[in-house]
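Worksheet for the structure shown next.
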Amino acid sequence: MQKRRVVIGVLGTVLDKRGKRENRWKKWRPTVGLCQQPGFPVDRLELLHQPRDKGMAEQLSEDIAVVSPQTQVRRHPVTILDPWDFEEVYAAFLDFATHYPFDTENEEYLVHITTGTHVAQICWFLLTEARYLPASLLQTSPARGEATDMEKAAGTCSVIDLDLSRYATLTSRFQREQQQSVSFLKAGIDTRNATFNRLIDQIERVALRSTAPILLTGPTGAGKSFLAKRIFQLRQARHLVQGRLVSVNCATLRGDNAMSTLFGHVKGAFTGAQQARAGLLREADGGVLFLDEIAELGLDEQAMLLKAIEEKTFFPFGSDKEVRSDFQLIAGTHRDMTQWVAEGRFREDLYARINMWAFALPGLAERREDIAPNVEYELQRFCAEQQTQIRFDKTARERYLLFACSPQARWPGNFRELGASVARMATLADQGRITEALVEEEILRLQQSWRPAHGAVALPVDPATLDLFDQDQLAAVIAVCRRCSTLSEAGRALFAVSRQKKSNPNDADRLRKYLARFGLSWESVRGAG
């Protein structure tokens, strides 16, 4: 059984009113015209109109009865005080949709979007796309070219299907544009790490769809600052921000300077405050605020920042008058934030607020397959900045990549250190060529920089496999072991405080188990010394 066709639309107080008396039959009127389409019968028309337009709606119903006797017209008075107010129009249409008795098994529904204000048309689209209206969109338009009076009056109509999968060209173009955005975030670097590529895909979607805070975590030099800048530039290119990018490294902020730098101050707020200062939060109004190393902020600054994020208002230092700033926050840190919160160094409520979109950037050691394209990118960037041309000799490039991608290359400074390494070789290159001899010099330079400082403990395990916290702790334990003659003596020195709380302390066993975590023994540690 064929379904009944039901059209939902609003009375067009301008186009549907065109013409007077008999002359109106020669004019294109969208609501009348949709009922005159050959091969497109309308079984029922749900016509929304303002109560004050009752007479016009009745006249339109009578005219439809003339041109399409089989079409039943139901009139629905809907009061909208301001037809250009999005919230009011959307609420009125949503109320209609919520209470309408849809029968999708027996009826197909179309929403006529030609009539009404642009606001009405947009609201119909949003409600239909969100499936509050189980319908397709119907658009009518005047007849084009030469046409009879009847054809001019009827015009044409077309159904708009919101299933984008049917529009292969449009879908493929959207996918190309998305990939261009992803490539932009990666600076055009052809990254090969699957985990990083998935991460950037997610960041691209969040950057274009959300204004909630973004938290970028990862080791120093992993590219947090660079990525924050690209996120801002992407949002700026899509006209999603009006202001500018304001950046600050929170590790450089201390005491009154921290409050003043972030929130501004009034004249005389503290000794030396001879002039008022706006502060970075106000400078970021309408734009993006990037707080690198946010974990280094003091607890007082964290409390004020939380208020500024949630309420968009804050008090400048020394002022009793609030100011307003609406910005998007991007935060960066190399700290373990859950540990920082547990230790009371970072407010739990602020962490919860900035942790909605948290992305952990992997270090260079976790993306060794991306070293080659990044070397090429860093070399091209150097050439562009210095306006010169530098190239690797083939054997030199192979030698450098063999070392750079090997487990022996620690890269504690991550991508920042890789960029510095390439810049050094390019600077020293004669006649625009990085030779194998230059590469060998750079490898030696890197190896020397990664050796422990004089007097420091050389770890008997690969430091690249350990967190910085474990590196420092293990180095301290090994130093004590090498000063002591027995396992028990070293254990007593290491656990001097905690052993007093135990009735039967077994310091030697505790130390043995700790070393075993790293595949070490007392003998191997002593022998390595």
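- In this structure, Trp124 and Phe93 have parallel ring planes: the angle between them is below the 30° cut-off, well short of the 60° mark.
- Here the side chain of Gln328 pairs no donor or acceptor atom with the backbone of Ile214 at under 3.5 angstrom.
- Taking the charged nitrogens against the carboxylate oxygens, Arg324 and Glu322 have no contact shorter than 4.0 Å, which rules out a salt bridge.
- Taking a 6.0 Å sphere around CD of Glu311, one finds it holds more than 12 heavy atoms contributed by other residues, nucleotides or ligands.
- Taking the six-membered ring where the residue is Trp, Tyr100 and Phe96 present tilted rings, their angle falling between 30° and 60°.
- Using a 4.0 Å cut-off between a side-chain N of Lys or Arg and a carboxylate O of Asp or Glu, Asp326 and Lys312 qualify as a salt bridge.
- Around atom CH2 of Trp340, more than 12 heavy atoms belonging to other residues, nucleotides or ligands sit under 6.0 Å away.
- With rounding to the nearest 0.5 angstrom, the CD1 atom of Ile294 is 5.5 Å from the CG atom of Leu305.
- Between the side chain of Arg235 and the backbone N or O of Ala207, at least one donor-acceptor pair lies under 3.5 Å.
- Residue His49 holds its NE2 atom at 10.0 Å from CG of Leu60, rounded to the nearest 0.5 Å.
- Counting heavy atoms of neighbouring residues, nucleotides and ligands inside a 6.0 Å radius, atom NZ of Lys307 exceeds 12 of them.
- Between Leu329 atom CG and Thr211 atom OG1 the span is 11.5 Å, to the nearest 0.5 Å.
- Salt bridge absent: Lys3 and Glu108 never bring a charged side-chain N and a carboxylate O closer than 4.0 Å.
- At most 12 heavy atoms of other shown residues, nucleotides or ligands fall within 6.0 angstrom of atom CG in Asp320.
- Ion pairing between a basic and an acidic side chain is recognised when a charged N comes within 4.0 Å of a carboxylate O; Arg335 and Glu293 show no such pairing.
- Phe314 has its ring centre less than 6.0 Å from the ring centre of Phe263.
- The pair Arg4-Glu107 counts as a salt bridge, with a side-chain nitrogen and a carboxylate oxygen less than 4.0 angstrom apart.
- No donor-acceptor pair under 3.5 Å is formed between the side chain of Ser319 and the backbone N or O of Phe315.
- Shown here is Gln242, whose CD atom has no more than 12 heavy atoms of other residues, nucleotides or ligands within 6.0 Å.
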Legend entry - Check against salt bridge (Lys or Arg N to Asp or Glu O under 4.0 Å), Glu369 and Arg367: CA-CA 5 Å; Glu369 64 268 52; Arg367 292 175 54 193; over 6 Å; no
